[in-house]
S.K.: 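Here it is, the structure, as structure tokens.
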Amino acid sequence: ANLDDAQSNNGDIAFAYLADPYIPVATNPQVRYMHRGDDYGNESYGLELYVNALDPQGLSDIATVTVTSPNSDIYTLYDDGQHSDDGANDGRYGNHIWDLTQAPPTGEYLFTVTDNSANTASVNDILVVVIDYPRNLHPAYNEFVTTSNPVFSWDPVAGVTTYSINVLDRNNNYTIWSANTSNTSIIYNYNGSGAALADGNLYYWNLGTGIDDASSWHDDVAFAYSSD
């Protein structure tokens, strides 16, 4: 709507066409792989799962939303605003699974919506690839650097082409520099967009990468700058 120099609009409203007025609807499934860790043997594997669900009788008629993996593991998705599922009761069901002991299998993940009358609707998404996280970071944890423009380096991750680096001021916990690169090393603040390192200060840096439906990152690494 418009009036003179003012305008307003309503946000997007989801709807669905149903040939059967009793069957729920499942759309926009998404499975993503997550992998994080450090250089001390600590690492975690995760799955990020989402699907949109509707029901002709309303969302209150949806009994369960589940995902079945290629090796038959079953995960429950939620729409309560507490499981990385956006807002509560908006039809966006999700869950982040972080209790895996190894990388999940690639292949078809089946999303199933079941209503209170046992009617079901299913859709699938394919997990194409799993990747490692960047390792062997330098500066290493608690290392001192003696140049104000240190070189950050790491081992390559197979299959990826781009890395994202962030450097944070440990005292104030805010990002002082970030950049993307296709290399496995980068000079701090080479483009002049970041803050100068302060003598005696502590900093964190972290590194992430991703490809297709997989993402990974190395946890924060603390380092200090000293001009001596």
Side-chain angles (χ1 to χ4, degrees), residues 9-37 43-134 157-164 180 208-217:
N9 64 281
N10 195 82
D12 293 341
I13 298 175
F15 71 95
Y17 165 69
L18 298 174
D20 188 329
Y22 300 101
I23 302 298
V25 176
T27 62
N28 302 322
Q30 181 184 45
V31 54
R32 288 185 58 85
Y33 170 67
M34 303 176 292
H35 191 187
R36 54 151 296 276
E43 61 184 306
S44 299
Y45 306 89
L47 281 172
E48 183 180 282
L49 304 168
Y50 291 107
V51 70
N52 291 339
L54 295 172
D55 189 277
Q57 283 70 51
L59 291 177
S60 61
D61 192 46
I62 295 178
T64 61
V65 178
T66 60
V67 181
T68 304
S69 74
N71 59 3
S72 300
D73 289 328
I74 298 177
Y75 306 106
T76 299
L77 305 192
Y78 302 88
D79 184 21
D80 57 6
Q82 300 179 33
H83 291 82
S84 304
D85 57 292
D86 300 335
N89 303 312
D90 61 359
R92 178 72 163 168
Y93 286 76
N95 203 354
H96 286 187
I97 311 298
W98 276 111
D99 59 356
L100 307 179
T101 58
Q102 60 185 358
T106 57
E108 180 182 284
Y109 284 71
L110 184 67
F111 294 71
T112 302
V113 178
T114 304
D115 70 13
N116 291 321
S117 299
N119 298 308
T120 63
S122 296
V123 290
N124 67 71
D125 192 24
I126 306 298
L127 180 61
V128 177
V129 64
V130 296
I131 61 174
D132 198 7
Y133 63 89
V157 175
V160 309
T161 58
T162 304
Y163 302 90
S164 298
N180 296 320
T209 189
I211 184 172
D212 295 328
D213 48 11
S215 61
S216 68
W217 60 93

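Counting begins at 1 with the first residue of the sequence.
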S.K.: According to ring pair (Phe, Tyr, Trp, His ring centres under 6.0 Å), does anything in residues 62-81 pair up with another residue at least two apart or in another chain? List the pairs.
M.R.: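 Of all non-adjacent pairs touching residues 62-81, those that pass ring pair (Phe, Tyr, Trp, His ring centres under 6.0 Å) are Y78-H83.
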S.K.: Just by distance, do the side chain of R32 and the backbone of D212 share a donor-acceptor pair under 3.5 Å?
M.R.: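 At least one qualifying donor-acceptor pair exists.
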S.K.: Step by step, work out the side chain to side chain contact (heavy atoms under 4.5 Å, CB included) result for T27 and V123.
M.R.: CA-CA 7 Å; T27 62; V123 290; 5.9 Å; no
S.K.: Can you tell me if D79 uses its side chain to pair, donor with acceptor, with the backbone of Y93 under 3.5 Å?
M.R.: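 No.
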S.K.: Checking N71 now: which residues fulfil side-chain contact (heavy atoms from CB on, under 4.5 Å) with it, not counting sequence neighbours?
M.R.: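 With sequence neighbours excluded, N71 shows a side-chain contact (heavy atoms from CB on, under 4.5 Å) to S69, D73, P105, given in chain and number order.
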S.K.: Give me the atom names and distance for the closest heavy-atom approach of I131 to S216.
M.R.: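 Looking at all heavy atoms of both residues, the shortest contact is CD1-OG, 3.6 Å.
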S.K.: I want to check something: taking the side chain as every heavy atom from C-beta on, are D85 and L77 in contact at a cut-off of under 4.5 Å?
M.R.: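 Answer no - side chains too far apart.
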S.K.: I need the minimum non-hydrogen distance between F111 and Q30, along with the two atoms involved.
M.R.: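 In terms of heavy atoms, the two residues are closest at CZ-O, 3.5 Å.
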S.K.: Just by distance, do the side chain of Y50 and the backbone of S84 share a donor-acceptor pair under 3.5 Å?
M.R.: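 Checking the backbone N and O of S84 against the side chain of Y50, a donor-acceptor pair under 3.5 Å is found.
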S.K.: What side-chain donor-acceptor pairs closer than 3.5 Å can you find for residues 58-68, not counting sequence neighbours?
M.R.:
from, atom 1, to, atom 2, distance (Å)
D61, OD1, N116, ND2, 3.3

S.K.: Measure up the H35 and Y45 rings against each other and bin them: parallel (under 30°), tilted (30 to 60°), perpendicular (over 60°).
M.R.: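 Geometry flag for Y45 against H35: parallel rings.
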S.K.: Say whether, by atom type as modelled, one donor and one acceptor occur between the side chain of D115 and the main chain of S117 under 3.5 angstrom.
M.R.: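 A pair under 3.5 Å: yes.
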S.K.: Could you tell me whether a side-chain N or O of N119 sits under 3.5 Å from a main-chain N or O of I23, the two making a donor and an acceptor?
M.R.: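 Not confirmed, N119 side chain does not pair with I23 backbone.
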S.K.: Return the set of residues passing side-chain contact (heavy atoms from CB on, under 4.5 Å) with T120 (not counting sequence neighbours), or none when no residue passes.
M.R.: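 T112, T114.
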S.K.: Looking only at atom types and distance, does a side-chain atom of D125 sit under 3.5 Å from a main-chain N or O of V31, one as donor and one as acceptor?
M.R.: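 Such a contact is found between D125 side chain and V31 backbone.
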S.K.: I need the minimum non-hydrogen distance between Y33 and V129, along with the two atoms involved.
M.R.: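 Heavy atoms of Y33 and V129 come nearest at CB-O, 4.2 Å.
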S.K.: Go through the structure and list residues passing ring-ring contact (aromatic ring centres under 6.0 Å, His included) with Y163, not counting sequence neighbours.
M.R.: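 Result, ring-ring contact (aromatic ring centres under 6.0 Å, His included) vs Y163: W154.
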S.K.: Mind checking what makes side-chain contact (heavy atoms from CB on, under 4.5 Å) contact with E108, not counting sequence neighbours?
M.R.: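 Checked E108 against side-chain contact (heavy atoms from CB on, under 4.5 Å); matches are N124, I126.
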S.K.: Mind checking the CE-CG spacing from M34 to L100? Nearest 0.5 Å is all I need.
M.R.: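 So the gap between those two atoms works out to 8.5 Å.
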S.K.: Atom OG in S72, atom CG in L110: separation rounded to 0.5 Å?
M.R.: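 The CG atom of L110 is 10.5 Å from OG of S72, to the nearest 0.5 Å.
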S.K.: Taking all non-hydrogen atoms of both residues into account, name the closest pair between P104 and V130 and its distance.
M.R.: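 Shortest heavy-atom separation between P104 and V130 comes out as O-CG1, 3.7 Å.
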S.K.: Given T161 and I211, is the side chain to side chain contact (heavy atoms under 4.5 Å, CB included) satisfied, shown in steps?
M.R.: CA-CA 8 Å; T161 58; I211 184 172; 5.9 Å; no
